[in-house]
> 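For reference, the structure I am asking about is given below.
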Amino acid sequence: MTAASDESRASGLAFDPWDPAFVADPYPAFAELRARGRVLYYEPSDQWLVPHHADVSALLRDRRLGRTYQHRFTHEEFGRTPPPPEHEPFHTLNDHGMLDLEPPDHTRIRRLVSKAFTPRTVERLRPYVRALADDLVSRLVAAGGGDLLTDVAEPLPVAVIAEMLGIPESDRAPLRPWSAEICGMYELNPSAETAAKAVRASLDFSEYLRTLIAARRKDPGDDLISGLIAAHDEDDDRLTEQEMISTCVLLLNAGHEATVNATANGWLALFRHPGHLAALRADHSLVPSAVEELMRYDTPLQLFERWVLDEIEIDGTTLPRGAEVALLFGSANHDPAVFTDPERLDLTRRDNPHISFSAGIHYCIGAPLARIELAASMTALLERAPTLRLAAEPERRPNFVMRGLTGLRVEL
């Protein structure tokens, strides 16, 4: 069937990305979705929801789906309305980054970026990350507490990516606001105001990077932008200026949004499970498995969108070309078919194939760095703030796709 039958519709469920109660705790609604079926049509966003781990994992690797369709079809051929002309700066920036490209462009850009973003580059940052985490936590301790989100979770990954890119400290203040405004466009059905802010931030961020890239061409340094300029393959293929700009923005946005939210979500989960927090404080060797479990337990990126490029059937339901699929990472990470007792926080969980970093060709290139950052901030807080506790009940951001908090007040 190509139309959504009553059985394949998500109507009548608690799934509602714009409901604060759902945003506060979407996991019961995900359980309802999984019980209802493997794919369900959700009319408010005109998407097919995929809630099961096996399907999400498989579809992330299925070439019949893509992050874009413009490498094969025009908007009109695909049955889609082109974006408004006034949104063009955002789409120019977004559409040249590898997250929203498909082969062969994705393959070429990722190969070139990987030449600059090497495991050695990431590993070389480990002492810097740890020292920065220690310094941020020490300031929090000296103040007797504060906002864990703005005092530790945000500045750490932003500074690390900025350091990698070679962005001077004096220029870093706008990075987080630019990122937040651009990422607003990844929510479901963004408003006109959200789009206008994203366009403005896209223009400002692009112009800043264009100037910085020009400076690095004249005076290369030991930084990622200089590496991206120098990167080439055996055919001397190189990144265009727009590809470099889009790559830098992607590395900053993806390189800290998930880490910030994983840190805040993770510590809130620990505060609400004092026995687990006590065990972690008693045994810091649990940090690596705790990082993985906390990313599974309260997933920072809840939804990843894909377009159906070639008709595909899921459990008897045919999704036609032009349909949009919403892969529900948060639901997949709580699927009892894969995770034993998935609603239980288990910092020692050994079998933990969460998909918080995606999978397939779009697997997060920054995952190793994110793990270093999350482990560094957690270790610093365990060592330097062993009496840290929640000082006020936090509020959730109204966003569903990028799950996070507006703040996390703590005290010693």
Side-chain angles (χ1 to χ4, degrees), residues 1-62 64-65 187-188 258 261-262 265 269 292-308 312-319 323-346 349-360 362-363 396 399-403:
M1 58 185 174
T2 55
S5 68
D6 290 340
E7 290 80 14
S8 66
R9 286 185 176 272
S11 57
L13 293 177
F15 183 85
D16 183 354
W18 300 280
D19 178 7
F22 168 82
V23 172
D25 184 10
Y27 299 103
F30 291 155
E32 284 189 68
L33 287 178
R34 291 192 301 270
R36 179 72 72 91
R38 290 173 53 193
V39 60
L40 302 102
Y41 179 68
Y42 187 61
E43 191 169 5
S45 62
D46 190 21
Q47 292 175 318
W48 290 89
L49 308 178
V50 178
H52 289 265
H53 187 283
D55 291 322
V56 171
S57 182
L59 292 175
L60 284 169
R61 298 170 170 86
D62 196 314
R64 290 173 293 179
L65 275 67
E187 293 298 322
L188 299 178
N261 293 332
N265 293 342
E292 301 302 321
E293 173 67 352
L294 290 167
M295 290 196 72
R296 179 203 72 83
Y297 183 75
D298 202 3
T299 310
L301 178 65
Q302 289 282 321
L303 181 154
F304 195 65
E305 296 166 329
R306 304 292 291 273
W307 296 102
V308 178
I312 186 171
E313 182 180 306
I314 302 174
D315 196 27
T317 298
T318 300
L319 276 55
E324 190 174 21
V325 176
L327 305 177
L328 298 177
F329 283 11
S331 177
N333 282 343
H334 281 246
D335 189 340
V338 176
F339 303 97
T340 302
D341 199 1
E343 303 309 319
R344 179 172 64 89
L345 182 67
D346 180 3
R349 191 182 295 271
R350 295 187 181 278
D351 187 16
N352 194 353
H354 69 77
I355 52 174
S356 299
F357 289 120
S358 192
H362 290 295
Y363 180 78
R396 281 273 164 207
N399 312 43
F400 161 61
V401 174
M402 294 186 178
R403 179 168 173 78

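This structure is a prediction, so every number in the text was calculated from the model and none was measured. Values below: all heavy atoms of this structure, side chains included; hydrogens, waters and symmetry mates excluded.
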> Tell me if a side-chain donor or acceptor on R306 pairs with a main-chain N or O of R64 at a distance below 3.5 Å.
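Side chain of R306 to backbone of R64: no pair is present.
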> Could you go through the side-chain contact (heavy atoms from CB on, under 4.5 Å) check for D346 and D341 one step at a time?
CA-CA 9 Å; D346 180 3; D341 199 1; over 6 Å; no
> How close do P44 and W18 get, counting heavy atoms only, and between which atoms?
CB-CZ3, 3.8 Å
> Test side-chain contact (heavy atoms from CB on, under 4.5 Å) on Y297 and F339; report intermediate values, then the result.
CA-CA 11 Å; Y297 183 75; F339 303 97; over 6 Å; no
> Just to verify, what does E292 make a salt bridge (Lys or Arg N to Asp or Glu O under 4.0 Å) with, not counting sequence neighbours?
R371
> Walk me through whether I355 and F304 qualify under side-chain contact (heavy atoms from CB on, under 4.5 Å).
CA-CA 11 Å; I355 52 174; F304 195 65; over 6 Å; no
> To the nearest 0.5 Å, what is the distance between CG (L328) and CG (D55)?
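Nearest 0.5 Å value for the CG-CG distance: 11.0 Å.
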> Got a donor-acceptor contact below 3.5 angstrom from the N399 side chain to the V401 backbone?
no
> Parallel, tilted or perpendicular: which one describes the rings of Y27 and F30, with boundaries at 30° and 60°?
perpendicular
> Is a donor on one side and an acceptor on the other found under 3.5 Å between the side chain of D62 and the backbone of A58?
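Pair absent, no side-chain N/O of D62 close to backbone of A58.
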> Would a 4.5 Å heavy-atom cut-off, applied to side chains only, mark T317 and Y41 as touching?
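Of all side-chain heavy-atom pairs linking Y41 with T317, none is under 4.5 Å.
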> Pair L59, I314 - check side-chain contact (heavy atoms from CB on, under 4.5 Å), show working.
CA-CA 10 Å; L59 292 175; I314 302 174; 3.8 Å; yes
> Apply side chain to side chain donor-acceptor pair (under 3.5 Å) to E343 and list each qualifying residue two or more places apart in sequence or on a separate chain.
H334
> Would you call the rings of F400 and F15 parallel, tilted or perpendicular if under 30° counts as parallel and over 60° as perpendicular?
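F400 and F15: perpendicular rings.
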> Quick one: closest heavy-atom pair of V308 and L319, and the distance?
CG1-O, 3.7 Å
> What's the spacing between R396 CZ and R403 CZ if we round to 0.5 Å?
3.5 Å
> Any non-hydrogen side-chain atom of L294 less than 4.5 Å from a side-chain atom of L345?
yes
> Nearest 0.5 Å, please: how far is CZ in R38 from CG in D315?
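D315 CG to R38 CZ: 4.5 Å, rounded to 0.5 Å.
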> Distance check, rounded to the nearest 0.5 Å: L49 atom CG versus E324 atom CD?
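Reported value, rounded in 0.5 Å steps: 10.5 Å.
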> Report yes or no: does D335 contribute a side-chain atom to a donor-acceptor pair with the main-chain N or O of H53 at less than 3.5 Å?
yes
> So P300 and F329, do their side chains get closer than 4.5 Å, heavy atoms only?
no
> Do R34 side-chain atoms and P51 backbone N/O form a donor-acceptor pair below 3.5 Å?
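Looks like no, no N/O pair under 3.5 Å.
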> Nearest 0.5 angstrom please: E293 CD to R349 CZ, how far?
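Nearest 0.5 Å value for the CD-CZ distance: 4.5 Å.
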> Of all residues at least two apart in sequence or in a different chain, which pass the side chain to side chain donor-acceptor pair (under 3.5 Å) check with R350?
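R350 satisfies side chain to side chain donor-acceptor pair (under 3.5 Å) with no other residue.
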> What's the spacing between S45 OG and L303 CG if we round to 0.5 Å?
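It comes to 8.0 Å.
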